[in-house]
Amino acid sequence: MKKTLVLGATPDSSRYAFLASNRLVNHGHEIVNVGIKKGEVAGVAIEEAGDIHSDIDTVTLYVGTRNQPPLYDYILNTNPKRIIFNPGTENEELEALAQAKGIKTVEACTLVMLSTGQF
């Protein structure tokens with residue numbers, strides 16, 4: 001299973017990040033929820049971007065492109081194997097930075113990937 005950092009996690013059940021956290025756990029993946037809202041999702045507390053997790057396989061982005069630049073160092077220093085850019089989070093600059101560090105980038109929907117066995 002792939003330990004996944006959900007960046008943009010929220011306790012708001014109407015948001016895709018909320019659905020992704022729950023579905024990842026339901027599919028047996030360990031998650032780390034990172035966001036600006038307090039609370040928990042899928043039984044995992046939401047933490048602020050700060051402490052670097054060194055054991056992350058995948059970062060799945062639910063933060064809009066214009067809000068990503070302050071998070072570049074956090075994302076890249078996590079050094080995941082891949083970053084999933086969900087719809088609305090596509091960012092050529094961050095993709096290039098990640099690829100330069102050998103991090104695979106994917107423009108896709110985590111929810112679709114999970115439901116089709118491509119995660």
Side-chain angles (χ1 to χ4, degrees):
M1 291 295 135
K2 298 176 174 107
K3 187 169 184 182
T4 303
L5 190 149
V6 180
L7 189 56
T10 176
D12 182 344
S13 63
S14 70
R15 307 295 295 185
Y16 287 116
F18 179 91
L19 295 173
S21 290
N22 281 289
R23 290 200 189 150
L24 283 160
V25 169
N26 290 341
H27 279 85
H29 298 282
E30 185 178 350
I31 63 169
V32 175
N33 287 319
V34 176
I36 58 173
K37 300 203 174 164
K38 303 263 187 231
E40 68 175 46
V41 185
V44 178
I46 298 171
E47 59 185 69
E48 293 181 8
D51 291 336
I52 300 296
H53 295 268
S54 59
D55 58 346
I56 300 298
D57 178 87
T58 301
V59 171
T60 183
L61 288 178
Y62 290 95
V63 175
T65 307
R66 72 172 185 259
N67 295 318
Q68 292 173 13
L71 297 168
Y72 284 2
D73 287 340
Y74 177 76
I75 294 165
L76 297 172
N77 290 336
T78 298
N79 201 31
K81 291 181 181 152
R82 71 175 170 173
I83 300 171
I84 299 173
F85 291 83
N86 287 281
T89 68
E90 299 88 348
N91 180 337
E92 290 180 11
E93 181 179 40
L94 180 53
E95 285 190 54
L97 292 169
Q99 291 167 1
K101 283 192 70 168
I103 300 168
K104 180 180 178 183
T105 60
V106 181
E107 289 185 8
C109 175
T110 296
L111 297 172
V112 172
M113 291 174 73
L114 285 165
S115 68
T116 60
Q118 296 176 34
F119 189 81

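Scope of the values below: all heavy atoms of this structure, side chains included, with no hydrogens, waters or symmetry mates.
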Which pairs with one or both residues in residues 28-73 pass ring pair (Phe, Tyr, Trp, His ring centres under 6.0 Å), sequence neighbours excluded?
-> His29-Phe119
Is there a side-chain contact between Leu94 and Leu61, using heavy atoms and a 4.5 Å cut-off?
-> yes
Could you tell me which residues satisfy salt bridge (Lys or Arg N to Asp or Glu O under 4.0 Å) with Glu90, sequence neighbours excluded, listed by chain and number?
-> none
Mind checking the CD-CD spacing from Gln99 to Glu92? Nearest 0.5 Å is all I need.
-> 10.0 Å
Identify the two heavy atoms, one from Ala98 and one from Leu76, that lie closest to each other, and give their separation to 0.1 Å.
-> CA-CD2, 3.7 Å
For the atom pair CG (Leu5) and CD1 (Ile56), what is the distance rounded to the nearest 0.5 Å?
-> 5.0 Å
Roughly how far apart are Leu114 CG and Leu24 CG, rounded to 0.5 Å?
-> 5.0 Å
Do other residues, nucleotides or ligands put more than 12 heavy atoms under 6.0 Å from the CD atom of Glu48?
-> no
Distance in Å, Ile75 CD1 paired with Leu97 CG, rounded so as to fall on 0.5 Å steps | 10.0 Å
Between the main-chain N or O of Phe18 and the side-chain N or O of Ser21, is there a donor-acceptor pair closer than 3.5 Å?
-> no
Tell me whether Leu111 is reachable from Val44 by hopping between hydrophobic residues (I, L, V, M, F, W, Y) whose side-chain heavy atoms are closer than 4.5 Å.
-> yes
Between CD1 on residue Ile103 and CD on residue Glu95, distance to nearest 0.5 Å | 11.5 Å
Any idea which heavy atoms bring Ala9 and Ala17 closest together, and the distance?
-> CA-CB, 4.2 Å
Please name the pair of heavy atoms, one in Val41 and one in Asn33, separated by the smallest distance, quoted to 0.1 Å.
-> O-ND2, 3.1 Å
Ile83 reachable from Tyr74 in the ILVMFWY side-chain graph, under 4.5 Å edges = yes
Would you indicate whether Asp51, at its atom CG, is surrounded by more than 12 heavy atoms from other residues, nucleotides or ligands within a distance under 6.0 Å?
-> no
For residues 11-21, the salt bridge (charged side-chain N to carboxylate O under 4.0 Å, His left out) pairs (sequence neighbours left out) are none
Ile84 side, atom CD1; Leu7 side, atom CG - distance, nearest 0.5 Å | 12.5 Å
For Lys104, the salt bridge (Lys or Arg N to Asp or Glu O under 4.0 Å) test, sequence neighbours excluded, returns none
Within 6.0 angstrom of Ile52 CD1, more than 12 heavy atoms from elsewhere | yes
Can you list every salt bridge (charged side-chain N to carboxylate O under 4.0 Å, His left out) pair that touches residues 60-89, not counting sequence neighbours?
-> Asp57-Lys81
Exercise: identify the closest heavy-atom pair between Leu71 and Ala49 | CD2-CB, 3.8 Å
Correct closest heavy-atom pair for Val63 and Thr89 would be O-CG2, 3.3 Å
Given side chain to side chain donor-acceptor pair (under 3.5 Å), test Asn86 with Thr60 step by step and report yes or no.
-> CA-CA 7 Å; Asn86 287 281; Thr60 183; 2.7 Å; yes
Would you say Tyr16 has more than 12 foreign heavy atoms packed within less than 6.0 Å of its OH?
-> no
Ring pair (Phe, Tyr, Trp, His ring centres under 6.0 Å) pairs, two or more places apart, involving residues 78-107 | none
In terms of heavy-atom contacts, Lys37 and Pro11 come closest through CB-CD, 3.8 Å
